[in-house]
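What follows is a single structure, written as structure tokens, with notes after it.
Numbering of residues begins at 1 and proceeds along the displayed sequence.
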Amino acid sequence: MSVIYVKEQGAYIKKSGEKIDICKNNQKLLSFPVWNIDGLSIIGNIQISTQALVYLMENGVDVSIFSYSGRFVGQALADSSKNIFLRFAQYDLYQNMDMRLDMARTIVRNKISNQMQVIKKYRYKDGFSPKRELDKMGVLQNSLKDCKTPNEIMGVEGMCSNLYFSCFSHMINCRFEFKERNRRPPKDPVNVILSLGYTFLTREVCSVLEAESFEVYLGFLHGIRYGRKSLALDVVEEFRQPIVDRFVVRSFNKRVINEFDFEMEDQQVLLNEEGFKKFCREFEIWMTKTGSSSERSFRQIIKMQIGQLKKAIQNKEPYVPYKWEEKDDICD
């Protein structure tokens, strides 16, 4: 199962019998049945008919809307699950501070493990040794047991992320320089692709959570903030390094994404038209392929993990996040 990305500006999406057609200037660009896709992503100035939108939703296909630059705007989701009892269980867990803190520690502890695993697996070509950073991260990870508030846990997460990205900068082997993680807006091409990857990943996670009737605005690590889908951000933490960061390193180091894919606009680095198409294509391949140590794709693993989260919350059992233990190196 895959996601179709539409970014042909001025295109029009309509229903044609039991298929969906993508047209422009009265010419058909693509036609596909809905039974073999998970989602449809519309990017920029694209029109979609009500008939097509209803047909997609009735068949369980989520429609995601992005701005031309890749900023996630929103989704149209099928009303496929009405499990109010799961939400009651989620509220109960959130109200229990001890259980909420345990969940937050679990999320951050696992994220740090994935960060350390990625750091260890990479073969550094510039003579860099990450031993000092790994030692510090290990100490910080161990200190999570003594954290008494969500803010203390987030503090540990922030310090480890700073150490991680100081190592990540040595993994990028291309014409672009990466000094630190920055956003809103990202200031260099590597940060552009990191941000876009995290956006796409969050959309994937959010779609599955909402299909399972989770309250996506109620998180255990990120807590409550108006308009923020905190539970989706919680789940994203276990997939940032295995999915997005490894994708970014491969894409730049193998020159899949290069200097011709970016342009400057109002002192802001942006992916150009061809670069965005390339990103969508390569990210979809990355999400649907199976690895050497797993017969499941990342998209399948996300669904499996959210199913386990659902079971853990309903049964009041400990949740075990996804831990990346790929045997191969991070880059070929």
In plain terms, say whether Asp135 and Arg132 are close enough for a salt bridge, that is, a side-chain N and a carboxylate O under 4.0 Å apart. no
Got Leu86 and Gln314 here, is their nearest side-chain heavy-atom distance under 4.5 Å? yes
Taking distance alone, no hydrogens or angles, what donor-acceptor pairs closer than 3.5 Å link side-chain atoms of residues 9-21 to residues at least two apart or in another chain?
from	atom 1	to	atom 2	distance (Å)
Gln9	OE1	Asn45	N	2.7
Gln9	NE2	Lys7	O	3.0
Gln9	NE2	Ile43	O	3.0
Lys15	NZ	Gly17	O	2.6
Ser16	OG	Asp21	OD2	3.3
Asp21	OD1	Ser31	OG	2.7

Is there a side-chain contact between Thr288 and Phe298 (heavy atoms, below 4.5 Å)? no
For Gly223 and Ser230 the tightest heavy-atom approach is O-OG, 2.5 Å
Find out if a path of hydrophobic residues (ILVMFWY) with successive side-chain heavy-atom gaps under 4.5 Å connects Val73 to Leu40. yes
What are the two closest heavy atoms between Ile257 and Phe252, and how far apart are they? O-CD2, 3.8 Å
Report the residues that fulfil side-chain contact (heavy atoms from CB on, under 4.5 Å) with Ala232, sequence neighbours left out, ordered by chain and then residue number. Thr202, Val205, Cys206, Leu209, Lys229
Nearest-0.5 Å distance that lies between atom NZ in Lys120 and atom CG in Leu134: 6.0 Å
With a 4.5 Å cut-off on side-chain heavy atoms, are Leu194 and Tyr198 touching? yes
Glu284 with Arg299: basic N within carboxylate O range, under 4.0 Å: yes
Interatomic distance, CD1@Ile301 vs CD1@Ile243, rounded to 0.5 Å, equals 7.5 Å
Donor + acceptor pair across side chains of Arg181, Asn191 (<3.5 Å): yes
Answer with yes or no after comparing the ring centroid distance for Phe176 and Phe262 against a 6.0 Å cut-off, counting only values under it. yes
Under 3.5 Å, which donor-acceptor pairs link side chains of residues 160-168 to any protein atom two or more places apart or in another chain?
from	atom 1	to	atom 2	distance (Å)
Ser161	OG	Gln115	NE2	3.4
Ser161	OG	Glu157	O	3.1
Ser161	OG	Glu157	OE2	2.9
Asn162	ND2	Gly158	O	3.4
Tyr164	OH	Asp245	OD2	2.6
Ser166	OG	Leu163	O	2.5

The test is side chain to side chain donor-acceptor pair (under 3.5 Å); show your working for Glu180 and Ser169 and say whether it passes. CA-CA 7 Å; Glu180 60 182 4; Ser169 65; over 6 Å; no
Would you say Leu233 ends up clustered with Val216 if hydrophobic residues are merged whenever their side chains have heavy atoms under 4.5 Å apart, either directly or through other cluster members? no
With Glu212, which of Arg87, Lys310, Lys303 fulfils salt bridge (Lys or Arg N to Asp or Glu O under 4.0 Å)? Lys310
is_close_aromatic(Phe66, Phe200), centroid dist under 6.0 Å: yes
Does one hydrophobic cluster hold both Phe214 and Val320, with members joined at side-chain heavy-atom distances below 4.5 Å? no
Beyond-backbone contact of Met287 with Ile302, side-chain heavy atoms, under 4.5 angstrom: yes
Using a 6.0 Å distance limit plus a 45 degree cone around the ring axis, check whether Arg100 lies over the aromatic ring of Tyr94. yes
Does Val61 reach the side chain of Tyr55, with side-chain heavy atoms less than 4.5 Å apart? no
With side chain to side chain contact (heavy atoms under 4.5 Å, CB included) as the test, pick out the partner of Leu231 among Gln90, His222, Glu210. Gln90
Do the ring centers of Phe283 and Phe247 come within less than 6.0 Å of each other? yes
Verify whether one side chain among Gln117 and Glu325 offers a donor that lies under 3.5 Å from an acceptor in the other. no
Consider only side-chain N and O atoms of Glu238 and Tyr319, and report whether a donor and an acceptor are under 3.5 Å apart. yes
